[in-house]
Amino acid sequence: ILVAIGLIEMISNSFQLTATDMFANPARVPGDLGFDPLSLGNNPATRAKYELSEVIHGRAAMMGFSGVIHQMIVTKQPIIYSLLHWKSVDSSAFKLGGAAAKLGY
């Protein structure tokens with residue numbers, strides 16, 4: 001799967017593999033890969049709306065991924081195990097120290 005994705009990326013970027021090569025074309029706009037089968041980008045107003053929502057959803061996805069990483073760090077368990085056995089997470093993994101421990105947590 002990774003090889004197939006890599007080949008698609010290489011072909012779509014015309015084998016320009018570094019960031020300086022990919023963005024050397026002044027006509028290229030970030031996020032515009034030339035794939036718009038529904039012609040949603042023809043109207044400037046809707047294009048601006050879709051560009052903004054792409055940024056917002058990308059940021060939400062990055063925050064969600066960081067939440068997954070932090071859950072793995074806090075519970076000391078792989079995320080798949082935590083998802084499959086969510087009721088059996090060891091409660092001692094969530095013991096807090098310092099001032100929070102004095103509050104009874």
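Heads up: numbering here begins at 1 and tracks the sequence.
You'll find the side chain of I79 reaches within 4.5 Å of the side chain of Q71, heavy atoms only.
L38 and Y50 fall within the same hydrophobic cluster, where Ile, Leu, Val, Met, Phe, Trp and Tyr residues are linked whenever their side-chain heavy atoms come under 4.5 Å apart, directly or through other members. When the side chains of ILVMFWY residues are joined at heavy-atom separations under 4.5 Å, either directly or via intervening members, F65 and I80 end up in two distinct hydrophobic clusters.
Taking CD of E9 as the start and CG of L2 as the end, the distance is 11.5 Å to the nearest 0.5 Å. Here the straight-line distance linking atom NZ of K49 with atom CD of E54 works out to 14.0 Å at 0.5 Å rounding.
In this structure, H70 and S66 approach most closely via the heavy-atom pair ND1-O, 2.6 Å.
S39 meets the side chain to side chain contact (heavy atoms under 4.5 Å, CB included) test with N42; sequence neighbours excluded. Remark: L7 pairs with V3, M10 by the side chain to side chain contact (heavy atoms under 4.5 Å, CB included) rule, at least two apart or across chains.
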